[in-house]
**Student:** 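Dumping the structure here so I can ask a few things about it.
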2 protein chains.
Amino acid sequence: MTARRGSVPTMHDVGKLAQVSAMTVSRVLKNDPGVSEATRERVFAAVDRLGYRRNQTARSLRLGGSGMIGLVVTNLANPFYSRLALGVQEVATEHGLRVVLSNSGEQADREPELVDGLVDHQVEGLIVVPAGSRQQHLAAAMRHVPVVFAARPPAGLDTDCVLVEDFHGAREATACLLADGHTRVAFLGNPPALYTGAERLRGFWAAHEEVGIEPDGTLIRQGLTDSATAERATLDLLGQPAPPTALFCTNNRISQGAIRALYKAGTTLPVAGFDNFDLSDVLGLPLTLVSYDADEIGRQAARLLVDRLEHRDGEPPASRRVTVPTHVIRHGAPSGDGPGQAPTGA
Amino acid sequence: MTARRGSVPTMHDVGKLAQVSAMTVSRVLKNDPGVSEATRERVFAAVDRLGYRRNQTARSLRLGGSGMIGLVVTNLANPFYSRLALGVQEVATEHGLRVVLSNSGEQADREPELVDGLVDHQVEGLIVVPAGSRQQHLAAAMRHVPVVFAARPPAGLDTDCVLVEDFHGAREATACLLADGHTRVAFLGNPPALYTGAERLRGFWAAHEEVGIEPDGTLIRQGLTDSATAERATLDLLGQPAPPTALFCTNNRISQGAIRALYKAGTTLPVAGFDNFDLSDVLGLPLTLVSYDADEIGRQAARLLVDRLEHRDGEPPASRRVTVPTHVIRHGAPSGDGPGQAPTGA
DNA sequence: CTGTTAGCGCTTTCAC
DNA sequence: GTGAAAGCGCTAACAG
């Protein structure tokens, strides 16, 4: 029933059955006009009969160009990156390209072999969410194929990249809290070595400067990597002699950890955070979220890549930097202020 | 800086530089012991110097076997499937296999071309979450490569598959609600044409039979496809003359829609549902969830596939069906200061 | 230890 | 309209 090896038909087999040469089969399958209707039909009949499919590997070797692009993300378990992957998929499919997916698990040291492996497989281009700042392997990959960076910028490499408005979004969300009168806003951030971590802290800081408040150093926690560490950091902050009156979290997992900590502590505090997430609207918490279209990052990255592929010959265009816009959404407490919900039904 | 076409070095180039034949280069790169240390070093030097990388496409053509497997999921935006993909990734990487990813978007009619495309690209095997029950294209694919089904079973095809305990999980969760004294449990389900939809309804029904209760037909809503339709259905149920006292939802998106409806309606009702999801523990709702390891579905599927690939020659093993276990987790309403109602409310 | 030959399946080029 | 030859880059099989 399964995969009978040695029985995969080739063009020669099709040709033999249709009483033509392999060359003619090739022409028919390519819709070459210079083939008589009669043989064309015979060939198609033979193709159907044998269940023949062109061997893309052989075509790739002959034609150059595998019809595949590589995508390297840091953590497919994070909805952010799976949406990004979906966006890449979407545009790739539109252009007849297949996506080969790799997951670095945020381990920068594993990234080089993943990238090299993809290059070996003759992907025509790469979209990478770089896990670290050491990027020589990506520079090396760029000598073979175009590389587009997503979500995090290249470190000293001249190539396209797609980012979100990290600074702007963080500043705006923080500003919302400050405008509500908060003067003690805690910062719960991912490692500052990460571009997003640094930029979002910068935005947090800028919002404070704009209103002439100096952030309290005891309220700043960085290096949080997941929901659990964020939860602990939040509980710790809450237990301080001078606790915060609001929280700013730099990503979805950190927001979730903070929210869990508040829940466990039986407290409510206004929370602002980067990234929207499921059910954020039904938590009944005063929530200020920096939302954006994660799919769009992937789509844009794929578009930039496809564009380079289409202009392969000729001078490569100057490298571009695309930014995906953010907007702040606010959810109110159950009976609180903010854009109200519509209690319909019942 | 980018991709200089026409300059990609081949084994011949390396050989020329190292003053050996391409064959010797091939041997060195394969770690063939029959090469003198001297030439070995010269070859490696040349490889480094040119930045040479073996062309996998050419190797695939020569050796047969592309080193890639195909994965087709229905909706990468659903964390369930991205986790599944992650699991596949993980095991594939362990075995030196690359994953080519496709997303059918739950459109059954798009699936055939995706599958065919992957087969054309010479993937060595396929893992598929089938979008529909018409599966001739998968039968056709099976003539080329082994195919493993994930999350949904094959319809009349003899091959491996990995499922969750749909029936058992749904029965158990429903039984929890019934044990709490509920007699009017609503069922909010995905399309019954889907295996999971049918099985989970069966489990819901069985739990009722076990305690001698006949489910009320007016409380059963099927064909829900996303959170929005589930939300509407829930609001509708709540507005009925004889509303339910608890809800059972067949997947994460439906649960979320139902929860949103309850929130908007300002009501609390015990909710049971298939699939765990982020923040389920902090909603302050009486929640009964059928949880399981989605990654594991992907891992198991990949293991079954790899196993078949490793026993390619020789009699193929009989087809296997693996089941990933579920367990029920319960979250309570907030004890003490919560606004929740008693489980048997109304 | 190393090189030569042949061919994986396909398509470009040129001949008929 | 169609076919024969050559070769994409690599490697088994056989020399030497």
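Note that these values count all heavy atoms, side chains included, but never hydrogens, waters or copies made by symmetry. Reminder, nothing fancy here: chain letters follow the sequence lines and each chain counts from 1.
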**Student:** Between protein and nucleotides 1-10 of chain C, map the contacts as a letter string: B base, S sugar-phosphate only, - none, heavy atoms under 4.0 Å, written 5' to 3'.
**Tutor:** SBBB-BBBBB

**Student:** Taking the side chain from A:Thr93 and the backbone from A:Gln89, do they hold a donor-acceptor pair closer than 3.5 Å?
**Tutor:**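 Checked: pair present.
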
**Student:** Using five pairs at either end of the helix from C:dC1-D:dG16 to C:dC16-D:dG1, determine the angle between the two local helix axes and round it to 10 degrees.
**Tutor:**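 Nearest ten degrees gives 40° for this helix.
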
**Student:** Say you draw a straight line from CG of A:Asp295 to CZ of A:Arg299; how long is it, rounded to the nearest 0.5 Å?
**Tutor:**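 Interatomic distance, A:Asp295 CG to A:Arg299 CZ, rounded to 0.5 Å: 5.0 Å.
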
**Student:** Apply salt bridge (Lys or Arg N to Asp or Glu O under 4.0 Å) to the pair B:Arg308 and B:Asp160, showing each step before the final yes or no.
**Tutor:** CA-CA 9 Å; B:Arg308 277 195 189 270; B:Asp160 296 338; 2.7 Å; yes

**Student:** Check whether any side-chain nitrogen or oxygen of B:Lys30 sits under 4.0 Å from OP1 or OP2 of D:dC10, and answer yes or no.
**Tutor:**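 Looking at the OP1 and OP2 atoms of D:dC10, neither is under 4.0 Å from any side-chain N or O of B:Lys30.
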
**Student:** If you compare all heavy atoms of B:Arg110 against all heavy atoms of B:Glu113, which two are closest, and at what distance to 0.1 Å?
**Tutor:**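 Answer, listing the atom of B:Arg110 first, then B:Glu113: O-CG, 3.2 Å.
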
**Student:** Rounded off to whole Å, could you give me the CG-to-C1' distance for the A:Asn31 and C:dT11 pair?
**Tutor:**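 These atoms are roughly 15 Å apart.
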
**Student:** So that I can tick it off, tell me whether B:Arg59 and A:Asp120 are bridged by a salt bridge, with the cut-off set at under 4.0 angstrom between side-chain N and carboxylate O.
**Tutor:**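 No, no charged N to carboxylate O under 4.0 Å.
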
**Student:** Show your reasoning for whether salt bridge (Lys or Arg N to Asp or Glu O under 4.0 Å) applies to A:Glu106 and A:Arg152.
**Tutor:** CA-CA 13 Å; A:Glu106 204 72 76; A:Arg152 305 173 190 175; 2.9 Å; yes

**Student:** Applying salt bridge (Lys or Arg N to Asp or Glu O under 4.0 Å) to B:Arg83 and B:Asp293, what does each step give before you reach the verdict?
**Tutor:** CA-CA 9 Å; B:Arg83 297 303 295 247; B:Asp293 187 350; 5.7 Å; no

**Student:** If the test is salt bridge (charged side-chain N to carboxylate O under 4.0 Å, His left out), which one of A:Glu94, A:Glu296, A:Glu90 qualifies with A:Arg303?
**Tutor:**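 Output: one option passes, namely A:Glu296.
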
